[in-house]
Amino acid sequence: MKHNDTTRRILVTGGAGFLGSHLCDRLLADGHEVICADNLFTGSKQNIAHLRDHPRFEFIRHDVTFPLYIEVDQIYNLACPASPIHYQHDPVQTTKTSVHGAINMLGLAKRLRARIFQASTSEVYGDPVVHPQQEDYWGNVNPIGLRSCYDEGKRCAETLFFDYHRQHQLEIKVARIFNTYGPRMHPNDGRVVSNFIVQALRGEPITVYGEGTQTRSFCFVDDLIEGFVRLMDSPPEFTGPVNLGNPGEFTIRELAEIVIELTGSKSSIVKRPLPADDPMQRRPDITLARERLGWQPTIALRDGLVRTIAYFDQLLSGHRAA
Ligand code: NAD
Ligand code: UDP
């Protein structure tokens, strides 16, 4: 394919997952050629089924812990299970995916002189003692706990990105993503938004872990993807790390109550034990993203939840939405 100044060939690792599939949609809509590489550990072909016959889309089944030899102009590195249930299922593989995956994708970017984006996470802040979290906060992470395979893997990936930048002058873009939700979340991955909606739609008890006083900030997927693209297209000297998330902060109990209200469910709320190392509070300071990317979320929690509930409603009744 002949490329003009604005059309690029772009690799999305983890492109069959929740965020990755939305990113593929967006990049194709912007006129790019997209290669999606995914080992389908937590992603699914269903998430990208609507793209199968798209002339500018290609799927490769590939595990990023192994090298990949292709020719692209840009790389978005999203491959990594994101939900605690999934990333704790095979913790050694989770660390390998983050660390070996980063080394392989950075090596590819270095050979191609391609700009590379890393999907990092608010988990690099651990259970933060600084609130809200700014990018210059170094975090409070347990290095040997159940969440460490993910948190430390992502922290090491950030280190690798910045060392490739300093040592090899690679153009890097590091996004620290805060909790994001929306259509195509996996219904059984145990994340709070999908759990609560599925439980409410089935009329099952809503499982609040601990007292439900812990907080999270929830960003709708469309807002996040806009942030990804703005970061990737930002001037070369802007590397991040930059927080991308919605600064609206809710307790988990509040979330349960909103989901019950919006679904009209008769579900009760039940308490379950709080998982180990569960962060007590989390809210992004997005000043940097506002200033450098002109980005901020536009979709309020209730509006995003209505759209996500509609998706799960269709999914559970057997009519899968695209
Ligand atoms: P997801 O589990 O839906 O998607 C991850 C994708 O990566 C899946 O398609 C999976 O099959 C693939 N994958 C996993 N291991 C792989 C490997 N070794 N090789 C190739 N592919 C592999 O999760 P998501 O929510 O879409 O998250 C995408 C990225 O964003 C992840 O890197 C995650 O850490 C990051 N992130 C997500 C959130 C969020 O709230 N969704 C928050 C912070 C960071
Ligand atoms: N949580 C909950 N009930 C559930 C699933 C999660 O109370 O059924 C809580 C969990 O303990 C955490 C918060 O919701 O405090 C967000 O959990 P999630 O797994 O979605 O993301 P993370 O902890 O990685 O932010």
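Here the structure is a predicted model, which is why all the values come from computation and not from measurement. Read the numbers this way: they start at 1 and go in the same order the structure lists the ligands and their atoms.
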(message) Does only the side chain of Asn179 get under 4.0 Å from ligand 2, or the backbone, or both, or neither? Count heavy atoms.
(response) side chain

(message) If the contact criterion is a heavy-atom separation under 4.0 Å, does Ser122 count as touching ligand 1?
(response) no

(request) Provide the number and element of each atom of ligand 2 under 4.0 Å from a heavy atom of Arg191. (result) 19 (O), 20 (O)

(request) Name the closest protein heavy atom to atom 15 (O) of ligand 2, giving the residue it belongs to and the distance to 0.1 Å. (result) Asp278 OD1, 2.6 Å

(message) Show the atoms of ligand 2 that are less than 4.0 angstrom away from any heavy atom in Arg147.
(response) 22 (P), 23 (O), 24 (O)

(message) Please determine whether any non-hydrogen atom of Arg184 lies less than 4.0 Å from an atom of ligand 1.
(response) no

(request) Examine Val192 against ligand 2 and note whether any of their N/O atoms are separated by less than 3.5 Å. (result) yes

(request) Could you pull out, from Tyr150, Phe18, Phe66, Phe178, the option with a heavy atom nearest to atom 36 (N) of ligand 1? (result) Tyr150

(message) Out of Val193, Ile177, Thr42, Asn179, who is nearest to atom 2 (O) of ligand 1 when you count heavy atoms only?
(response) Thr42

(request) Decide whether an N or O pair under 3.5 Å exists between Gln199 and ligand 2. (result) no

(message) Once you restrict to heavy atoms under 4.0 Å, what part of Leu40 touches ligand 1? Side chain, backbone, both or neither.
(response) backbone

(request) Return a yes/no value for Thr121: is any of its N or O atoms, backbone included, closer than 3.5 angstrom to an N or O of ligand 1? (result) no

(request) Would you check the N or O atoms of Thr180, main chain and side chain alike, for any that come under 3.5 Å of an N or O of ligand 1? (result) yes

(message) With the threshold set at under 4.0 angstrom, would you say Gly190 reaches ligand 2 through any of its heavy atoms?
(response) yes

(message) Contact between ligand 1 and Arg191 is defined here as a heavy atom of the residue under 4.0 Å from a ligand atom; is it met?
(response) yes

(message) Show the atoms of ligand 2 that are less than 4.0 angstrom away from any heavy atom in Asn195.
(response) 4 (C), 5 (C), 8 (O)

(request) For ligand 2, indicate whether the residue Pro275 contacts it via side chain, backbone, both or neither (heavy-atom separation under 4.0 Å). (result) side chain

(request) Using distance alone, decide if ligand 1 has a nitrogen or oxygen within less than 3.5 Å of any nitrogen or oxygen in Asn39. (result) yes

(request) Could you pull out, from Cys80, Pro81, Gly17, Gly14, the option with a heavy atom nearest to atom 5 (C) of ligand 1? (result) Cys80

(message) I'd like to know whether ligand 2 has Arg272 as a neighbour, heavy-atom separation below 4.0 Å.
(response) no

